[in-house]
Structures are given as C-alpha cells and as structure tokens.
Amino acid sequence: MEVFDQLDRHGYGELHLSLDRATGLRAIVAIHDVRLGPALGGCRFVSYPDEPAAIIDAMRLARAMTAKAALARLPHGGGKAVIMRPEGDDFDRAALFQSFGRFVDTLGGRYLTTEDSGTSTGDIAEVRKHTRHACGFTGEAGGSGDPSPLTALGVCRGIEACVKHRLGRDSLQGLRVAVQGVGNVGGHLCRELASRGAKLVIADVHAQRCADLSEALGAEIAEVSAIHRVECDVFAPCALGGAINARSVPELRCAIVAGAANNQLESDADGQALAERGILLAPDYAINAGGLINVALEVSGYDPDRARERTLAIYDTILEICERADQVGERPDRIADAMVAEILAAAA
Ligand code: NAD
C-alpha cells in the first residue's frame, strides 16, 4: 500500500502510528481535519486481516467523522483510532488501553478519543488514566452515557423532515416504517416512531429482539431477507452498512430511505439508482449524528437538555439538504457533501 497516495485520496491530514512491545499495542490514529476544532472520533478494537486494512479503515472512518461533526455544527474535526486486536486472549487489556492513552496524550489534544466497536466505557476509563483527551463516560460518572437513545431521536427527527419534504405531512401518524435491525439504536427508534403513531414492521437476525418489540409496540415482524421489500413509506436501515445495494434498490417499495446505519450505500452507483427510482435518501452521516452530538457535549461540560436540543436540530439539517437537493436537481448525499465543504471552507 502506498500510504501517501491513500492520504492524498482521502483528503488528509495526519496519520499517527504507535507500537508498544511491552503491551502489544499496535494503534493507528487518523486525523482527517482540524479546521473546526480538535478531531473527535471513537477507538475501534477489532481484528484486521492486515495492516493496510486497519490503516484504510481508520482513514475512511475519520473522514466520515469530519462530515458528521461539520453538519452537526460541532466545534470538532474528524478523527478515528484503530487498535489492532492481538491474536488470542493472552494480553493485558487494561495495560493495552493505558498504553493507548499515553499515545493519545502525545498528540496534545489534536485528537479526542471515545468508545467505538469493540471498546467499552471501562476501556476508556483506562485510557483516561494517561490522558485527559478522552470522552464518553457513563451517566453515573457525570458523562454522556449510552449514545443510542439520542442517535435514535435524531434519526426519528430526520425521518420527520423527510416525510415533511417528500409527503408534505407534519406527522408520522399512520405512516408505515420498516426498520431493519432493532439493536441499540433500532430499538430506541421503534419506540420514538411508535410514540408518534407510526406503524412498524421490523426484522432482526436476533429473533428475540423482534419478539420483545412486537409485544411492547405491536410491531409486525418481517423476514430478515424481506424487510427491504416491505411496502412502506420509510425504510430505515439500522443494522450493518451496505443495505442499499444493487440487489436491494430494485426491490425497495418505499418513498424514503432514512436510518441509523453508517455507510448505507454500498457504492455511489447505488445512490444514483436510488435517485433514479425517485426514492429520497437521508444521508447517513447527517441523520445519525445524535450520538456524536451527545459525546461531544461532554467536552464543554455535559448537559442532557442541550444534547437533546442540538439533536432535535437534525430535523432542520435534513430539511435543508432535501430542499437544496430539489432546487438544483442533485442527489441529497451530494448536497450534504457540498454543505460539509462549505462549512469547512468558512472555518478555514
Ligand atoms: P447494534 O449491534 O446494537 O444493532 C444492530 C442490530 O442489527 C442487531 O440487533 C443485529 O442483530 C441486527 N442485524 C445484524 N445484521 C442484520 C441483518 N442482516 N438484518 C437485520 N438485522 C440485522 O448496533 P447499533 O448501535 O444499534 O448501531 C446500528 C447501526 O447504526 C450501525 O451501523 C452503527 O454503525 C450505526 N450507528 C450507531 C450509533 C450509536 O449511537 N450506537 C451512532 C451512529 C451510527
């Protein structure tokens, strides 16, 4: 892999590596952009097939964080850390995360770390022993706690904005929403939608989660392989990335795609195919920023009311994206990208 070519291709930025033989730490911090403020983004602790895969993952994710923070009008740039998980279980987890904390500290606050796939608030507590440049504490510790409820609230507000724009309706009452994946965010989203009178169809590989929500909210359950084909007003991907792909787009029977999952478009061509079918897409990094807003507010002293208020504003961001897209006949995701570029240029 040509590292500088990759940096150039992703519009970078900085890439920092740390190797600590004593603890087995192999960590990468990608800082994509700091024009709006210190880079903020989670730390992943997962197994990678090789080093290029880990580096590219960090770079790709950090770039997405720049866009997410900019559209959420946060005073932060995009960053991401990846710790390559050592093979087997024969390592001292606390020592590893403390070592990562020392690494983060050497960056002098240009990168603020937090939880992500494979890491927990306990790991971040170890990181904090060696740097103050970490956030994402439990509610009991005065922190922002689980980000999922606010992510779900933001997604719900984004759905409301899409419904207003596309269907001309101020309410979700009686609308049918198909939710793919009812885990942390999807589950909370179902509760938000149900409280606004939406009718739910849900699917999850974890059958018990569907059964519980069906009982609590009266949601209809669909097959995992068929949820995208359900006739509905809104299809909400809340499981893995790539839900909008060459197989699913021709089968969608919805007016709007708006959900929490990151990287919903498997490829750019899928975004084009969706637009050609006249289906409105809420760009994922604009609609799912509630969790980032939540954790970012820890930096200035966490206030749950402010976090909620800022998350509710996702409605305005999504509406602005939709309106601008219509005005110039462009795809909403391209408009969102243009808005990010404008915000970053203004900051510079
Ligand atoms: P989660 O793991 O709690 O939930 C995902 C759910 O999807 C699980 O219940 C899983 O069983 C289910 N699932 C997996 N494959 C599926 C499939 N093929 N069909 C249907 N269901 C399937 O994760 P989460 O925290 O709820 O996050 C969901 C998505 O939202 C992820 O893409 C994540 O990156 C994104 N996201 C989450 C947050 C947050 O605050 N947690 C913030 C921004 C974005």
Side-chain angles (χ1 to χ4, degrees), residues 40-44 46 57 60-62 64-65 67-69 71-72 74 78 80 114-121 135-136 138-139 143-159 177-193 200-214 219-230 235-245 247-248 251 257-266 282-298 307-308 310-311 314 317:
L40 171 62
C43 168
R44 287 203 165 176
V46 288
D57 201 32
R60 197 176 51 81
L61 293 164
M65 294 307 291
K68 201 182 279 202
L71 279 184
L74 293 170
K80 207 84 177 184
T114 183
E115 248 184 275
D116 204 294
S117 304
T119 54
S120 65
T121 44
C135 42
T138 59
S144 57
D146 178 6
S148 308
L150 272 205
T151 301
L153 176 66
V155 172
C156 188
R157 293 291 288 155
I159 289 175
V177 184
V179 182
Q180 180 186 50
V182 289
N184 287 320
V185 181
H188 286 292
L189 176 63
C190 286
R191 287 181 206 97
E192 294 285 353
L193 293 167
L200 302 172
V201 189
I202 58 175
D204 197 297
V205 290
H206 204 299
Q208 192 57 45
R209 288 186 185 153
C210 286
D212 292 346
L213 275 174
S214 175
E220 202 181 303
I221 300 175
E223 293 292 328
V224 164
S225 60
I227 185 74
H228 67 280
R229 288 200 290 270
V230 166
F235 173 53
C238 297
L240 310 172
I244 305 304
N245 54 51
R247 280 106 39 223
S248 63
E251 298 185 337
V257 172
N262 282 312
N263 305 317
Q264 287 170 34
L265 294 176
E266 194 171 80
D284 43 31
Y285 60 78
I287 197 171
N288 72 12
L292 179 67
I293 293 170
N294 195 45
V295 77
L297 291 191
E298 254 186 36
R308 193 179 160 81
R310 296 287 302 266
T311 301
I314 287 176
T317 305

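Read the numbers this way: they start at 1 and go in the same order the structure lists the ligands and their atoms.
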Heavy atom of the protein closest to [atom] (residue, atom name, distance):
atom: atom 19 (N) of ligand 1; result: Val224 CG1, 3.4 Å
atom: atom 34 (O) of ligand 1; result: Asn262 ND2, 2.9 Å
atom: atom 37 (C) of ligand 1; result: Val185 CG2, 3.8 Å
atom: atom 5 (C) of ligand 1; result: Cys238 O, 3.9 Å
atom: atom 8 (C) of ligand 1; result: Arg209 NH1, 3.3 Å
atom: atom 7 (O) of ligand 1; result: Ala239 CB, 3.5 Å
atom: atom 3 (O) of ligand 1; result: Asn184 N, 2.9 Å
atom: atom 36 (N) of ligand 1; result: Ala260 O, 3.7 Å

Looking at Glu223, I want to see if its CD is surrounded by more than 12 non-hydrogen atoms of other residues, nucleotides or ligands under 6.0 Å.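 Result for CD/Glu223: open.
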More than 12 foreign heavy atoms under 6.0 Å from CZ of Arg191: is that the case here?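 Enclosed.
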Using only atom types and a distance under 3.5 Å, with no angle test, would you say the side chain of Thr114 pairs donor to acceptor with the backbone of Cys135?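 Yes, because the side chain of Thr114 sits within donor-acceptor range (under 3.5 Å) of the backbone of Cys135.
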Given 3.5 Å as the limit, does a donor-acceptor pair link the side chain of Glu298 with the main chain of Gly136, or not?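 Pair found, side chain donor or acceptor close to backbone of Gly136.
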Look at atom 40 (O) of ligand 1 and say whether a protein heavy atom is found at less than 4.0 angstrom from it.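 Answer yes: something from the protein, a heavy atom, is under 4.0 Å.
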Short check: is a protein heavy atom less than 4.0 Å from atom 32 (O) of ligand 1?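 It does: a protein heavy atom is found less than 4.0 Å away from atom 32 (O) of ligand 1.
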Partner residues of Glu266 under the side chain to side chain contact (heavy atoms under 4.5 Å, CB included) criterion, sequence neighbours left out: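 Applying side chain to side chain contact (heavy atoms under 4.5 Å, CB included) to Glu266 gives Asn245, Arg247, Asp270.
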Under 4.0 Å from a heavy atom of Pro147: give me the atoms of ligand 1 that qualify, with their elements.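 Here the atoms of ligand 1 in question are 40 (O).
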Subset of ligand 1 atoms that lie under 4.0 Å from at least one heavy atom of Ala261: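 Counting from 1, the qualifying ligand atoms are 29 (C), 30 (O), 32 (O), 35 (C).
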With heavy atoms under 4.0 Å as the rule, classify the contact between Asp204 and ligand 1 as side chain, backbone, both or neither.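 Both backbone and side chain of Asp204 come within 4.0 Å of ligand 1.
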If the contact criterion is a heavy-atom separation under 4.0 Å, does Ser148 count as touching ligand 1?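 Yes, Ser148 has heavy atoms under 4.0 Å from ligand 1.
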Would you please name every residue forming a salt bridge (charged side-chain N to carboxylate O under 4.0 Å, His left out) with Lys68, sequence neighbours left out?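 Per chain and number, Lys68 pairs via salt bridge (charged side-chain N to carboxylate O under 4.0 Å, His left out) with no residue.
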Let's go through Cys156 and Leu189 carefully: what are the C-alpha distance in whole Å and the side-chain angles of both, what is the deciding distance for side-chain contact (heavy atoms from CB on, under 4.5 Å) to 0.1 Å, and is it a yes or a no? CA-CA 6 Å; Cys156 188; Leu189 176 63; 3.9 Å; yes
Can we say Arg209 and Asp212 salt-bridge, meaning some charged N sits less than 4.0 Å from an Asp/Glu carboxylate O?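 Looking at Asp212 together with Arg209, the answer is no, because their closest N to O distance does not fall below 4.0 Å.
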Can you check side-chain hydrogen bond (donor to acceptor under 3.5 Å, both in side chains) on His228 and Gln180, steps first, answer last? CA-CA 8 Å; His228 67 280; Gln180 180 186 50; 5.5 Å; no
